[in-house]
Engineer: 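Before I ask anything, here is the structure I am working with.
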Amino acid sequence: MDFLRNETLLSHFQDLIEGIDEEPTDEPDLSTTDPATMDIQDMIQLLSDSNINGNDNNQLQTSRNRNKTDNKELLLLLQQKPLNATTLNPSTLKSELEKRNIPPRGFFYDDAKHLQECLDREHEEYIEEKKREWIEALVATRKERIEKRRREWMEKEMEEERTEIMERDERVRDWLELQFRLREMRMKEEQMKKETKQCEKRKEEESMMAAVAPRNYRINVNAFSARSLAKFLWSDTWILSIDVSNMNLPDSAGAYLCRALKGNSTLIKYELGGNEFSSKTCKSLAESLEVNGTFSSMNLEGNPLVVDEEGKESFEMLSRSLAKNSGLVFLSLWMCGVGVEGGRALARNIVENTTLVSLEVGYNNFDNSDVMVLRKQLELNRTKRTKKLAKEAENANQARKKEEEHIKSLMEMEKKESEEKWLQEQKIVRANERRLEMERQQ
C-alpha cells in the first residue's frame with residue numbers, strides 16, 4: 001500500500017500536528033518509550049500528551065511557533081508524490097533503469113512501469129525514514145522538557161522546605177541544611193555522570209592499555225572470541241603483532257581476523273599457522289592487502305587454503321592483491337595445498353610486487369618454472385630493498401648532519417649577538433664615565 005496515497009494515515013498526521021500545541025494536564029513517562037516499535041495511534045497519543053505547559057508564556061509561544069513551522073514542513077513532505085516515470089525521455093529512462101541494475105526491455109511503457117515501481121518504493125522508504133527521524137526528535141525534545149521541569153520542581157520544593165526550616169530549632173536546621181546539600185550534590189553528580197561516563201571510561205581504557213598492555217600478543221581464542229578480537233583490532237592503535245597459531249580455528253575466524261587489517265594501520269605481524277583457514281580467509285586477506293600498506297608479515301603455514309574450486313578462485317584473488325600491495329615483506333604459504341594452478345597465478349602476479357623479500361612455498365607442488373620466477377623476483381626485491389634501506393640511512397645521516405649544522409649556526413649566531421650586545425653595553429658605560437668625568441672637571 002502506497003504511503004503517500006493513504007488518506008487515513010495522512011489525516012492521522014494532520015490531527016497529530018494540530019494537537020501538538022494543546023496544553024495537557026498530565027506528564028507521561030517517556031523513559032521507556034521506543035518510537036520505532038509504536039503504531040500510528042500510539043504515536044499520536046504520545047506526542048499529543050507529552051507537551052509541557054511551561055510557566056513562561058513568551059518561551060511557550062516561541063516553542064509553539066517553531067513547532068508549527070516544523071509541522072508544516074512535515075505535512076508538505078508527506079504530501080509529495082514520487083517522480084512520474086512516464087514523463088522521462090527514453091534515454092533518461094534507460095539510464096535510471098541501469099542505475100538500479102534493471103535491464104531495459106526496449107518497450108517504453110513496460111520500462112516505465114518497472115521504473116515507477118522502484119521510484120514508488122524508494123520514495124516510500126524515504127518518507128518513512130523522515131517520519132521516523134521527526135518522531136524521534138520530537139520525543140527527545142519532550143523528554144528533555146519533562147526532565148527540566150522535574151528539576152525545577154525539585155529545586156522549588158527544596159527552597160520551600162529550606163525557608164520553612166529557618167523558623168525551626170537551630171540544631172534541626174543545621175542537620176537539614178546538611179541533608180539539602182547532600183541532595184544537591186547527588187543531583188549534580190548524576191547529571192555529570194550522564195554526560196561524562198562514556199568519555200571517562202574510554203580514556204581510562206586507553207590509559208590502562210598504554211600502561212600495562214604488551215604490544216605483542218600470544219592469545220588463546222576460539223571461533224567466537226576470534227570475532228570479538230577482530231572487532232577490537234579494527235580500531236586498535238597499540239598492538240603490533242598477534243599470534244593465534246595452532247588453535248584449529250575455523251575458516252570464518254580467519255576471515256574476521258584478516259578483515260580487521262582494513263581498518264588497522266598499526267598491526268604489522270600475524271601468526272595464523274596451524275589452523276583450518278581456507279577460501280574465506282584468502283578472500284578476506286586479499287581485500288585487506290589491497291588497502292593496507294603498513295602490514296608486513298603474514299604466516300599461513302599448514303592451513304588448507306585451496307581445497308576446492310572456490311579455494312582456487314580465492315587464492316587467485318590473493319595473488320592479484322600481492323601485485324597491488326606495497327607493505328608486505330614476509331609471507332609463508334608452506335604446506336598450504338596451493339597446487340600447480342595457484343603457483344602459476346602467484347608467479348604471474350609476483351613480478352609486479354616490489355616489496356616482498358621472503359616467500360615460503362614448500363610442499364605446495366609448484367612447477368619448477370614458477371619457482372624460478374618467484375626466486376628471481378624475490379632476489380630483485382631484496383636488491384631494491386637493500387638499496388632503499390641504504391639510501392634511507394644515507395638520507396637520515398644527511399638530515400642529522402644538517403640538523404647539527406643548523407644548531408651549530410644558531411649557537412654561533414646567538415654568541416655573536418651576545419657579544420655585540422655586550423660591546424654596545426660597554427660603549428654606553430664608557431660614554432657615561434666620560435660624561436661624568438667632564439662634569440667633575442667643570
Side-chain angles (χ1 to χ4, degrees), residues 230 233-237 239-242 251-273 277-301 303-306 309-334 336-361 364 366-367 369-389 391-392:
L233 291 175
W234 180 277
S235 58
D236 177 68
T237 58
I239 299 176
L240 294 178
S241 68
I242 291 289
D251 193 18
S252 58
Y256 281 121
L257 292 171
C258 291
R259 189 177 303 150
L261 295 176
K262 284 185 177 182
N264 190 302
S265 59
T266 306
L267 195 67
I268 60 175
K269 184 179 180 180
Y270 256 160
E271 291 286 344
L272 305 182
F277 299 159
S278 187
S279 58
K280 293 180 180 179
T281 301
C282 275
K283 183 178 179 180
S284 181
L285 179 59
E287 295 173 352
S288 297
L289 289 179
E290 289 184 359
V291 298
N292 189 317
T294 58
F295 185 76
S296 60
S297 178
M298 170 64 80
N299 185 356
L300 291 169
E301 64 180 28
N303 285 287
L305 298 182
V306 181
E309 290 298 325
E310 184 180 359
K312 292 180 181 179
E313 295 177 359
S314 299
F315 191 81
E316 175 75 23
M317 291 179 58
L318 178 60
S319 301
R320 289 197 299 268
S321 70
L322 293 177
K324 301 177 182 179
N325 182 264
S326 60
L328 196 64
V329 177
F330 169 79
L331 175 63
S332 177
L333 300 174
W334 187 79
C336 289
V338 176
V340 177
E341 295 182 10
R344 189 173 297 114
L346 192 61
R348 184 170 58 251
N349 290 280
I350 199 70
V351 295
E352 299 182 23
N353 184 283
T354 59
T355 58
L356 194 64
V357 297
S358 180
L359 178 62
E360 297 179 354
V361 294
N364 281 296
F366 280 9
D367 189 90
S369 60
D370 296 329
V371 174
M372 293 299 297
V373 172
L374 296 174
R375 184 176 300 169
K376 181 179 179 180
Q377 185 62 34
L378 292 177
E379 287 291 341
L380 181 61
N381 289 350
R382 292 191 193 101
T383 302
K384 291 180 179 179
R385 181 175 175 81
T386 302
K387 292 181 179 179
K388 179 181 178 181
L389 293 176
K391 186 175 181 180
E392 289 178 353

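Index from 1, following the sequence. What you are looking at is a predicted structure, and each value in this text was computed from that prediction instead of being measured.
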Engineer: Please report the shortest heavy-atom distance between N264 and L233, naming the atom on each side.
Structural biologist: ND2-O, 2.6 Å

Engineer: Do you know which two heavy atoms are closest between F330 and S297, and how far apart they sit?
Structural biologist: CD2-OG, 3.4 Å

Engineer: Restricting to non-hydrogen atoms, name the atom on F295 and the atom on L267 that form the minimum distance, rounded to 0.1 Å.
Structural biologist: CD1-O, 3.6 Å

Engineer: From K376 NZ over to I350 CD1, what is the distance, rounded to the nearest 0.5 angstrom?
Structural biologist: 14.0 Å

Engineer: Does any N or O in the side chain of N292 come within less than 3.5 Å of the main-chain N or O of S288, such that one atom is a donor and the other an acceptor?
Structural biologist: no

Engineer: Under 3.5 Å, is there a donor-acceptor pair between the side chain of S296 and the main chain of I268?
Structural biologist: yes

Engineer: Could you tell me whether a side-chain N or O of N353 sits under 3.5 Å from a main-chain N or O of A323, the two making a donor and an acceptor?
Structural biologist: no

Engineer: Find the distance between CG (L322) and CG (N325) and round it off to the nearest 0.5 Å.
Structural biologist: 6.5 Å

Engineer: Is it the case that S278 and D251 place a side-chain donor and acceptor less than 3.5 Å from each other?
Structural biologist: no

Engineer: Decide yes or no on side-chain contact (heavy atoms from CB on, under 4.5 Å) for F366 and V338, but give the supporting numbers first.
Structural biologist: CA-CA 8 Å; F366 280 9; V338 176; 3.7 Å; yes

Engineer: Sub-3.5 Å donor-acceptor pair from the side chain of S321 to the main-chain atoms of L289, do we have one?
Structural biologist: no

Engineer: Rounded to the nearest 0.5 Å, how far does CG of N364 lie from CG of D370?
Structural biologist: 12.0 Å

Engineer: Would you call K262 and E287 a salt bridge, taking side-chain N to carboxylate O under 4.0 Å as the test?
Structural biologist: yes

Engineer: Ignoring hydrogens and geometry, is there a side-chain-to-backbone donor-acceptor pair from S284 to A255 under 3.5 Å?
Structural biologist: yes

Engineer: Could you check L359 against L346 for side-chain contact (heavy atoms from CB on, under 4.5 Å), going step by step and ending with a plain yes or no?
Structural biologist: CA-CA 11 Å; L359 178 62; L346 192 61; 4.0 Å; yes

Engineer: Give a yes or no on whether the backbone of V357 and the side-chain of R382 come within a donor-acceptor separation of less than 3.5 Å.
Structural biologist: yes

Engineer: Under the criterion side-chain contact (heavy atoms from CB on, under 4.5 Å), I'd like the reasoning laid out for V373 against R348: C-alpha separation, chi angles, the key distance, then a yes or no.
Structural biologist: CA-CA 8 Å; V373 172; R348 184 170 58 251; over 6 Å; no

Engineer: Verify, without hydrogens or angle tests, whether T355 (side chain) and L328 (backbone) share a donor-acceptor contact under 3.5 angstrom.
Structural biologist: yes

Engineer: Taking 4.0 angstrom as the limit, do E316 and R320 come out as a salt bridge?
Structural biologist: yes

Engineer: Side chains of T383 and N381: any donor to acceptor distance under 3.5 Å?
Structural biologist: no

Engineer: Between K312 and E309, is there a side-chain N and carboxylate O pair less than 4.0 Å apart?
Structural biologist: yes

Engineer: If you measure from CG on L333 to CD on E301, what distance do you get to the nearest 0.5 Å?
Structural biologist: 10.0 Å

Engineer: State whether E271 and K269 are salt-bridged, where the test is any N-O pair (Lys NZ or Arg NE/NH1/NH2 against Asp/Glu carboxylate O) under 4.0 Å.
Structural biologist: yes

Engineer: About how many Å separate NZ of K280 and CZ of R259, when rounded to the nearest 0.5 Å?
Structural biologist: 9.5 Å

Engineer: If we ignore hydrogens and angles and just use 3.5 Å, is the side chain of S314 paired with the main-chain N or O of C282 as donor and acceptor?
Structural biologist: no

Engineer: Could you tell me the separation between the CD atom of E313 and the NZ atom of K283, rounded to the nearest 0.5 Å?
Structural biologist: 9.5 Å

Engineer: At their closest point, which heavy atom of S319 faces which heavy atom of A345, and how far apart are they?
Structural biologist: CB-O, 3.8 Å

Engineer: For L272 and M298, what are the C-alpha separation, side-chain angles and deciding distance, and is it a side-chain contact (heavy atoms from CB on, under 4.5 Å)?
Structural biologist: CA-CA 8 Å; L272 305 182; M298 170 64 80; 3.7 Å; yes

Engineer: Could you tell me which non-hydrogen atom of Y270 sits nearest to which non-hydrogen atom of L257, and how far apart they are?
Structural biologist: OH-O, 2.8 Å

Engineer: What are the two closest heavy atoms between L285 and L261, and how far apart are they?
Structural biologist: CD1-CD1, 4.2 Å

